[in-house]
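Worksheet: the structure to be examined is printed underneath.
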There are 2 protein chains.
Amino acid sequence: MATDQAPRKDSSGSKQHHRLDAVPSPAVRRLSLYLRELEGFLKQNRQTTSSKELGEALGYTDSQVRKDLAYFGQFGQPGIGYRVAELVARIRGVIGTDRSWNTIVVGVGNLGQALLTYRGFAKKGFRVVAVFDNDPAKIGQPIGAMPGMEILPVDRLAEMVAEQNVRIGVITVPAEAAQPVADALVAAGIKGILNFAPAALTVPEGVSLASVELSGYLEQLAFYIHARQLADDPQ
Amino acid sequence: MATDQAPRKDSSGSKQHHRLDAVPSPAVRRLSLYLRELEGFLKQNRQTTSSKELGEALGYTDSQVRKDLAYFGQFGQPGIGYRVAELVARIRGVIGTDRSWNTIVVGVGNLGQALLTYRGFAKKGFRVVAVFDNDPAKIGQPIGAMPGMEILPVDRLAEMVAEQNVRIGVITVPAEAAQPVADALVAAGIKGILNFAPAALTVPEGVSLASVELSGYLEQLAFYIHARQLADDPQ
DNA sequence: GCTTGTGAAACGTTTCACAGCA
DNA sequence: TGCTGTGAAACGTTTCACAAGC
């Protein structure tokens, strides 16, 4: 629910017309939504789309869409719109998912197991190459749906990260274990952490962190429902 | 990843000192983080805390914390801080989780099953009272860890929502099925939807929607890692 | 005609700074 | 003294409006 980005001055005269470190984080969040919608358009064999059409599909204004895309480059043609296939390729290039990303998962509870069998990650270019737990009963067990892989002890984390060039780690351990695991991931050289444990983690500069607050989402819904109810029939 | 709130004019002269419909949504998001942290303080038997302490635990400034809490009421005492137990109770009252909330889950795939066994929801006051799927092979099957419950066909949704006074529905079906399920939930009288399907949903005014973009989180991490790498060694 | 890309204006959120109170 | 609650300033994001191009 929170994403940290290491602050970065432009420094070099790198030929990035649009400085990626100057992009507002809401625009980064929306970028994957644009990509998903465009991938849908691609499946329907649509050749071009417009900021208006793309925005309507997602509930944003057309100017929001144009401004967002313009942070990353000039992708459209005045009078025509955006060529869907090209825009998909360009956005993947910006995100980096035109290449595949090796990831690891730490914690094989219910949620960890569900993520391992979730096909959505693979479709987007993320491959789980190793799975860890520190429960002796789990270590060595084969992983359903991942032939040839078994659950590894957490102390083999650094080794696997180096061997497989892993840059992203997913934490699905209980809250108490989350910070130590995050520290181990950072020590192993991981550059980004996706945390599902209900705990506030700290990571050093240069490491990105995203936390998924499952209960937080329900509480937000409860708040808005509750607030509407109070407004509708005040007591 | 996106939360809609029905816009609400103040209308009535309801005695809400702090209009809940005027609270910025970032503040609502942070409210559950404050609550979680405070619940932790409570377990450690801390009597009072301060905006500075609470903020540091979560990576926010002290003024951010004070401003956020002040949207919901006057909870602190100058010179002293906030009494932890009282603040926990007041925040739960604001969110509405001082009462238990009945919820239903539609879609018993990997993710749906993982959520059913996830203990975090129950701890926060959310109870899953029914589970639905439209796969004939699944209908009627018992639900592990939920004695006496079985998977119901989707056409019994409205019935259960009414019987059990369910206000929140969780969608864990494949993307193609998500919008029809959302429509069915809305028709059944659901007031809030938590969507895990990778699809942009539309719901009418008066219904809240939160979408959890699992792949989106990974893509955000990839983007920031990728951007840092480009900045560090430009080519 | 239609649609992009983009400065400028409008709007929203966070931080500052301090009066007031324990 | 220490800390909250809150206007005002600073900052960030979205929307507007239009020049330029197909």
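Protein chains get the first letters and strands the later ones, always in sequence-line order, with residue 1 at the start of each.
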(request) Kindly point out which of dT6(D), dA17(D), dT13(D) is positioned nearest to the side chain of P24(A)? (result) dT13(D)
(request) Of all the heavy-atom pairs spanning L115(A) and F121(A), show the shortest one and how long it is. (result) CD2-CE1, 3.9 Å
(message) Please classify the nucleic acid contact of K67(A) as base, sugar-phosphate, or nothing, using heavy-atom distances under 4.0 Å.
(response) base
(request) Hey, which sits more toward the 5' end of DNA chain C by its nearest nucleotide, G79(A) or L69(A)? (result) G79(A)
(request) Mind calculating the distance between CD (E53(A)) and P (dT4(C)) to the nearest angstrom? (result) 10 Å
(request) Take the protein atom CD1 of I80(B) and the nucleotide atom P of dT1(D), then report the distance between them rounded to whole Å. (result) 16 Å
(message) Rounded to whole Å, how long is the line connecting atom CD of Q64(A) with atom P of dA10(C)?
(response) 18 Å
(message) Is it true that, when you exclude R127(A) itself, more than 12 heavy atoms of the residues, nucleotides or ligands shown sit nearer than 6.0 Å to its CZ?
(response) no
(message) Please confirm whether the shortest side-chain N or O distance from R30(A) to OP1 or OP2 of dT13(D) is below 4.0 Å.
(response) no
(request) Specify the separation, in whole Å, of atom CG of D21(A) and atom P of dG12(D). (result) 13 Å
(message) Would you say that more than 12 heavy atoms from the other residues, nucleotides or ligands in this model lie under 6.0 Å from the CZ of R119(B), or not?
(response) no
(request) Output the single nucleotide from dT14(C), dT4(C), dT4(D) whose closest atom is nearest the side chain of S51(B). (result) dT4(D)
(request) Could you grab the distance from atom OG of S51(B) to atom CD of E56(B), nearest 0.5 Å is fine? (result) 9.5 Å
(request) Looking only at side-chain atoms of S50(B), point me to the closest of dT4(D), dT15(C), dG5(C). (result) dT4(D)
(request) Kindly point out which of dC18(C), dT15(C), dT14(D) is positioned nearest to the side chain of R66(B)? (result) dC18(C)
(request) Between dT4(C), dA8(C), dT15(C), spot the one nearest the side chain of S63(B), thanks. (result) dT15(C)
(request) Round to a whole Å and report the spacing from CG of D68(A) to P of dG5(C). (result) 12 Å
(message) In this structure, how many angstroms lie between the C1' atom of dG5(D) and the CZ atom of F72(B), rounded?
(response) 15 Å
(request) For dT6(C), take OP1 and OP2 only and decide whether either is under 4.0 Å from a side-chain N or O of Q74(A). (result) yes
(request) Return yes when atom CD of Q47(A) has more than 12 non-hydrogen atoms of other residues, nucleotides or ligands closer than 6.0 Å, and no otherwise. (result) no
(request) Can you tell me the distance, in whole Å, between the CG atom of L31(B) and the P atom of dT13(C)? (result) 15 Å
(request) Would you indicate which nucleotide in dT4(D), dG5(C), dA20(D) comes nearest to any side-chain atom of P78(B)? (result) dT4(D)
(message) Whether Y82(B) contacts dG5(D) is assessed here as follows: a side-chain N or O lying under 4.0 Å from the phosphate OP1 or OP2. Is that the case?
(response) yes
(request) Tell me whether the OP1 or OP2 atom of dG21(D) has a side-chain N or O from Q77(A) closer than 4.0 Å. (result) no
(request) Measure the distance from CG on D62(B) to P on dT6(D) and round it to the nearest whole Å. (result) 16 Å
